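Structure record follows, encoded as structure tokens.
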Amino acid sequence: MKKIALITGFTGQVGSQMADFLLENTDYEVIGMMRWQEPMDNIYHLSDRINKKDRISIFYADLNDYSSLQKLFESKRPDVIFHLAAQSYPKTSFEIPIETLQTNIIGTANILENIRLLKAKDGYEPVVHICSSSEVYGKAKVGIKLNEETAFHGASPYSISKIGTDYLGRFYGEAYNIRTFVTRMGTHSGPRRSDVFFESTVAKQIALIEAGYQEPIIKVGNLSSIRTFQDCRDAIRAYYLLSLESQKGNIPCGEAFNIAGEEAFKLPEVIEILLSFSTRKDIKIELDEQRLRPIDADYQMFDNTKIKSFIDWKPQIPARKMFLDLLNHWRDEIKKGRIPLNR
């Protein structure tokens, strides 16, 4: 029988591209988990296959609804789980801290508890990818290259929630021998990136300006950060390769991995790159204090040594292509009449 892969957070940038990758590169049956009322923008291109049940289907459930997850795991028994669902916006987490903590920590515990109980009951033993975040390192010291042993320093309710998620992945692996592995992905972007993130909101505003929907002024927040960038599609490939090694028993239960790009930019450089692709040459930059966070993870440089010792992987998509693909994504959305809100 074909293996079944479950993707939580199916409608997000990472989840939808994970589905694309699995459908193109494996023979897995794919289940996309989503809530009952969720935007479909990132998965419209899969609608025909979903309707025809062509290796992909939807299961409606919610991380915060234990019983819906129970039905999912008891009825479908996925072999591989890519747990990507989360309240994933650091800035938003300052406004909804309780919901962020509830969804990311308790929601993850709900998944792992269901698996633990089924394993104890009848030996159910899937591979479980727990998606943490590089934000667990928070406000890191300038000059330090972050590795998997670097101490956590929460810099937002989101990062604190991901610290909890990270520890849960390790705990259930070590305590119950559930085949979990944890990933801490650095800043990633490309097509379908939400406009609540810096480089995407800049690209979106450029596209709006080019289409005549916005004055030639880009509003930004803190520009002092230095970050590595990688294309989401490269990170997804790493997720898949790690899942294969976990299925072979080559990854200890609960092991954590940094996954980060190897091209670093100051944020003003990102703006310059995106503006270089624009047809408009009169665009100005303006600070918007509403876009500032109370505390920022403003320095994140990573050590990818560990992941490269487990899988044959390195980023393949250059950052400039990633930024251009992101800008073209917003241009295409606007051409389709999907005019994004200014936020």
Side-chain angles (χ1 to χ4, degrees), residues 3-63 72 76 78 80-89 92 103-104 107 111 129-133 183 185-197 199-201 203-204 207 229-243 259 316-317 321-336 338 340:
K3 289 184 178 179
I4 298 173
L6 169 67
I7 302 171
T8 74
F10 169 53
T11 62
Q13 178 203 15
V14 184
S16 62
Q17 293 192 13
M18 188 83 237
D20 291 342
F21 178 91
L22 294 177
L23 290 171
E24 182 177 347
N25 296 282
T26 77
D27 64 352
Y28 290 177
E29 294 288 337
V30 178
I31 299 173
M33 188 187 107
M34 62 181 288
R35 291 170 295 175
W36 293 267
Q37 293 178 316
E38 203 163 319
M40 302 280 287
D41 304 55
N42 292 334
I43 60 170
Y44 274 125
H45 66 290
L46 295 172
S47 295
D48 185 52
R49 294 191 70 164
I50 292 169
N51 289 337
K52 292 177 179 176
K53 296 182 171 57
D54 178 14
R55 288 184 49 219
I56 184 166
S57 61
I58 289 175
F59 196 104
Y60 293 100
D62 191 315
L63 291 180
L72 168 58
K76 300 299 182 181
V80 186
I81 298 152
F82 296 96
H83 175 37
L84 310 177
Q87 194 302 93
S88 57
Y89 307 141
T92 304
T103 299
N104 296 356
I111 285 176
H129 166 211
I130 301 294
C131 188
S132 179
S133 169
T183 60
M185 180 157 62
T187 301
H188 57 285
S189 196
R192 307 178 200 168
R193 177 73 155 165
S194 170
D195 62 353
V196 301
F197 295 103
E199 76 289 345
S200 190
T201 192
K204 179 195 74 172
F229 281 86
Q230 70 173 320
D231 195 288
C232 177
R233 292 163 288 191
D234 276 331
I236 283 166
R237 186 166 46 84
Y239 289 172
Y240 172 67
L241 293 174
L242 286 170
S243 75
I259 306 176
Q316 295 179 342
I317 301 172
K321 173 173 170 47
M322 174 193 72
F323 291 132
L324 178 58
D325 288 350
L326 174 62
L327 178 57
N328 285 334
H329 164 76
W330 285 116
R331 287 167 170 163
D332 290 343
E333 289 294 289
I334 291 169
K335 285 179 183 177
K336 293 173 185 174
R338 299 174 186 163

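The shown structure was predicted, so the numbers you read here are calculated from the model rather than taken from an experiment. Values reported hereafter were calculated over all heavy atoms of this structure, with side chains retained and with hydrogens, waters and symmetry mates removed.
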side-chain hydrogen bond (donor to acceptor under 3.5 Å, both in side chains) between T103 and Q87, worked out: CA-CA 6 Å; T103 299; Q87 194 302 93; over 6 Å; no

Stepwise side chain to side chain contact (heavy atoms under 4.5 Å, CB included) check, R237 with N25: CA-CA 10 Å; R237 186 166 46 84; N25 296 282; over 6 Å; no

Step-by-step ring-ring contact (aromatic ring centres under 6.0 Å, His included) determination, Y239 to F82: CA-CA 8 Å; Y239 289 172; F82 296 96; 7.2 Å; no

Would you sort out whether N42 and T11 count as a side chain to side chain contact (heavy atoms under 4.5 Å, CB included), showing the intermediate values? CA-CA 6 Å; N42 292 334; T11 62; 5.5 Å; no

For side chain to side chain contact (heavy atoms under 4.5 Å, CB included), just list the numbers for D325 and R233, CA-CA rounded to whole Å, side-chain angles, deciding distance to a tenth of an Å, and then say yes or no. CA-CA 12 Å; D325 288 350; R233 292 163 288 191; 2.9 Å; yes

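For A207 against R331, the heavy-atom pair with the smallest separation is CB-N, 4.0 Å. Scanning all heavy atoms of the two residues, the minimum distance from F10 to I58 falls at CE2-CG1, 4.0 Å. Nearest heavy-atom pair across C232 and V14 is SG-CG2, 3.7 Å. When all heavy atoms of A85 and T8 are compared, the closest pair comes out as N-OG1, 2.9 Å.
Taking CE of M40 as the start and OG of S47 as the end, the distance is 5.0 Å to the nearest 0.5 Å. To the nearest 0.5 Å, the span separating CE on M18 from CD1 on I7 amounts to 6.0 Å. Note that CG of L6 is 7.0 Å distant from CD1 of I111, once rounded to the nearest 0.5 Å. Atom NE2 of residue H329 and atom CD1 of residue I334 lie 9.5 Å apart, to the nearest 0.5 angstrom. Here CD1 of I56 is found 11.0 Å from CG of N51. Values are rounded to the nearest 0.5 Å. Atom-to-atom distance recorded for R338:CZ and E333:CD is 5.0 Å, nearest 0.5 angstrom.
Looking only at side-chain heavy atoms (C-beta outward), T187 and F197 stay at 4.5 Å or farther from each other. At a threshold of 4.5 Å between non-hydrogen side-chain atoms, the residues M322 and E199 do not count as touching. The closest side-chain heavy-atom distance from L326 to W330 is below 4.5 Å. L242 has its side chain within reach of I259: a pair of non-hydrogen atoms, C-beta onward, lies under 4.5 Å apart.
A donor-acceptor pair under 3.5 Å links the side-chain atoms of R55 to the main chain of L23, judged by distance alone. D234 places a side-chain N or O within 3.5 Å of a backbone atom of I317 that can act as its donor or acceptor partner. A donor-acceptor contact shorter than 3.5 Å links the side chain of T26 to the backbone of L22. Q230 places no side-chain N or O within donor-acceptor distance of the main-chain N or O of M185, the cut-off being under 3.5 Å. In this structure, the side chain of S200 engages the main chain of R193 through a donor-acceptor pair within 3.5 Å.
Checking each of L46, L84, I43 against S16 for a side-chain contact (heavy atoms from CB on, under 4.5 Å) leaves exactly one that passes, namely I43.
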For residues 27-37, tabulate all N or O donor-acceptor pairs below 3.5 Å that involve a side-chain atom, not counting sequence neighbours.
{"residue": "Y28", "atom": "OH", "partner": "Q247", "partner atom": "NE2", "Å": "3.3"}
{"residue": "R35", "atom": "NE", "partner": "E38", "partner atom": "OE1", "Å": "3.3"}

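Other residues, nucleotides and ligands place no more than 12 heavy atoms under 6.0 Å from the NZ atom of K335.
Taking the ring centroids of F323 and F229, they lie under the 6.0 Å cut-off.
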